[in-house]
Amino acid sequence: MNSTKSNTLALRSCEDIVHVRQTVRTWMVEQRFTLVDQTKMVTATSELARNAVDYAGGGTAQLELLEESGRIGIRVLIEDHGPGIANIEQAMTDGFTSGQGMGLGLGGSKRLVDDFEIWSEPGKGTRVSITRWK
Amino acid sequence: MERIPILKVGEFLLVSIQVDMHDRLVLSLQDDLTAQVVVSRAKGVLIDISALDMVDSFIGRMLGNMAAMTRALGAETVVVGMQPAVAITIVELGLVLTDVRTAINVDKGMALLQNLLNESSVIDSHEFHEK
Amino acid sequence: MTTTTPNRIADVLTRHEQPILEDWLREQLAALSARQDLISEADLRRQSTEFLALFTPACRMGNLTDITTPEWKPGCDFLGDVSRSRAIQGFSPSETATFVFSLKQPLFTRLRQELGTDATALAEEMWSATVLLDKLGLYTTEVYQKTREEVIKRQQTDMLELSTPVVKLWDGIIALPLIGTLDSGRTNVMMNTLLQNIVATGSSIAIVDITGVPTVDTLVAQYLLKTVYAARLMGAECIISGIRPQIAQTMVHLGVEFGNVVTKSTLADALSYAFRQIGCTVTKPAQRA
């Protein structure tokens with residue numbers, strides 16, 4: 001798998017969330033993903049970015065353009081240094097909420113993308129990587 | 001600071017969301033809308049989201065909240081113009097827009113509000129005829 | 001010695017250009033005798049002349065082993081165009097590769113004439129010409145393959161679009177009659193087309209008729225449900241009709257619940273339900289006495 005383009009954006013405020021998802025949208029339009037693919041990826045990014053801003057005091061979003069045996073993919077890695085998640089399996093279930101009213105973030109985002117990976121350690125932070133292939 | 005305009009159309013209010021929503025904009029819209037419902041004594045609210053290219057759980061919750069707020073003030077809210085890609089994404093995400101009425105476009109939304117208004121005032125069984 | 005060898009091929013090509021071209025054309029015509037409907041002799045002559053004009057100077061540069069270098073680019077680009085057009089015209093892969101491979105015979109004949117006495121030089125030149133022409137031949141096959149794949153891909157998308165005909169039944173009522181097996185790709189396209197049409201026509205009722213769908217498994221049922229929910233989010237009602245007894249049984253066995261989704265056994269039932277929803281009544285004209 002080759003990474004042909006990369007960009008790291010800060011996630012501190014709600015304006016940053018808007019900026020990150022607009023950047024993801026632009027990249028996907030450039031790579032001519034379908035409108036539904038674009039919308040799913042942008043929405044998943046938005047959910048995860050909001051988790052990082054609202055519950056972990058901010059973090060970063062790293063966008064990467066991937067190429068693997070002729071296929072184009074876009075990966076977004078959202079990283080924070082917040083409280084982390086003790087029970088990932090439980091956090092992935094719909095309806096589970098840590099803050100106020102956020103229950104769809106992880107499980108829902110996973111359904112919107114092709115690849116979903118999560119690493120978390122309580123007290124250290126959380127990294128979530130999502131990829132959508134064309 | 002940017003604000004989302006609220007137009008008065010007859011007995012209804014029309015809000016057209018044309019920009020990417022962030023938190024402060026949402027809060028100011030909620031303030032403006034609830035105030036306008038009271039001032040204009042509107043009987044219904046149409047929120048046009050045809051220009052919105054995504055609805056995540058935050059925006060979904062905001063739409064639900066606005067519908068609940070205006071309902072408490074005596075005006076039903078109908079969300080109109082949701083794009084297909086947005087609808088597909090919401091279903092996949094598992095987001096449930098409880099108590100939010102929807103219509104395909106502003107025309108249909110207006111007709112729905114009118115129907116709701118008629119139902120609540122006089123029940124007219126001869127009301128139905130082909131458009 | 002290695003510095004002089006490559007130029008022998010170029011020399012032969014330059015010196016015997018016309019006879020090589022004629023021999024080569026004869027070879028090609030013989031191989032393509034059954035294909036005269038697809039390409040005319042004049043076109044073939046034009047393509048061959050053009051290729052030789054690019055091939056000879058590239059040979060003269062001295063590199064006969066690596067065709068990815070800049071001096072080979074014009075030749076390869078031209079071959080690519082020939083391959084692509086032949087793939088689209090309906091030539092077979094071997095007929096396409098013949099274009100390059102049939103150059104061997106005329107070229108070898110001339111080489112033999114020139115170097116007949118020098119067995120070592122002849123073997124050397126034949127070998128490098130073989131390697132070179134094989135590489136170019138494989139290149140044409142590769143381009144051919146790629147073009148065919150593109151054609152197939154495009155046909156698949158075309159077919160998907162053709163297989164989702166959304167029809168307007170009444171003002172505000174559209175229907176999508178589905179025929180054939182539903183897989184996830186097709187269901188995705190179907191869902192998209194239906195929802196787009198709801199917006200475009202401003203319809204508040206959409207009927208998905210699955211009379212022509214042989215089986216419904218859990219995945220397909222889920223897709224249908226998602227379509228219904230997405231339509232509902234947009235403010236339209238989606239009715240599923242044409243559920244045959246076996247399908248109803250399978251769905252119950254699979255544990256698929258259509259919950260609060262309106263389902264009808266025939267398209268006619270769905271239509272009459274839709275009429276009621278939009279406030280239309282259908283009456284027979286008063287009977288004549």
Side-chain angles (χ1 to χ4, degrees), chain B residues 44 46-57 59-60 63-64 67 76-116 118-119 123-131, chain C residues 164 166 168-174 176 184-206 208 219 221-238 258-261 271-283:
Chain B
L46 290 162
I47 302 180
D48 174 27
I49 60 163
S50 56
L52 269 195
D53 60 12
M54 64 131 248
V55 170
D56 60 0
S57 51
I59 296 174
L63 292 172
E76 276 296 331
T77 288
V78 177
V79 172
V80 302
M82 186 186 290
Q83 292 298 322
V86 173
I88 292 171
T89 303
I90 292 180
V91 170
E92 207 75 59
L93 184 63
L95 184 61
V96 184
L97 296 181
T98 31
D99 298 330
V100 177
R101 290 174 196 275
T102 52
I104 289 296
N105 50 34
V106 175
D107 275 353
K108 295 269 185 252
M110 200 85 91
L112 177 60
L113 282 177
Q114 202 67 56
N115 269 343
L116 290 172
N118 293 339
E119 264 173 42
I123 295 169
D124 183 357
S125 58
H126 302 293
E127 187 34 48
F128 303 104
H129 42 78
E130 204 198 329
K131 215 178 80 179
Chain C
T164 44
V166 179
K168 182 175 170 177
L169 294 182
W170 201 260
D171 195 23
I173 305 173
I174 55 171
L176 173 60
S184 63
R186 200 177 155 207
T187 325
N188 260 330
V189 173
M190 170 214 105
M191 185 166 169
N192 241 323
T193 319
L194 185 73
L195 299 181
Q196 302 276 0
N197 267 277
I198 288 178
V199 177
T201 59
S203 299
S204 49
I205 296 183
V208 176
L219 205 64
Q222 267 169 5
Y223 271 118
L224 288 173
L225 282 179
K226 280 179 190 168
T227 312
V228 173
Y229 292 144
R232 199 173 283 170
L233 272 170
M234 291 164 55
E237 189 172 4
C238 188
F258 270 128
N260 50 0
V261 175
L271 184 59
S272 85
Y273 171 87
F275 276 145
R276 271 201 306 282
Q277 289 302 105
I278 63 166
C280 273
T281 45
V282 182
T283 48

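These values consider heavy atoms only, across backbone and side chains, with no hydrogens, waters or symmetry-generated copies. Chain A is the first sequence line, chain B the second, and so forth, proteins listed ahead of strands; every chain is numbered from 1.
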Spacing of CD1 belonging to Ile205(C) relative to CD1 belonging to Ile104(B), to within rounding of 0.5 Å: 11.0 Å

Thr102(B) side chain reached by Met234(C) side chain, heavy atoms, under 4.5 Å: no

Nearest heavy-atom neighbours spanning Leu233(C) and Ala87(B): CD1-O, 3.7 Å

Side chain Lys108(B), main chain Gly202(C), donor-acceptor under 3.5 Å: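 It does hold such a pair.
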
Per-residue contact mode, Ser203(C) against chain B (heavy atom under 4.5 angstrom): backbone

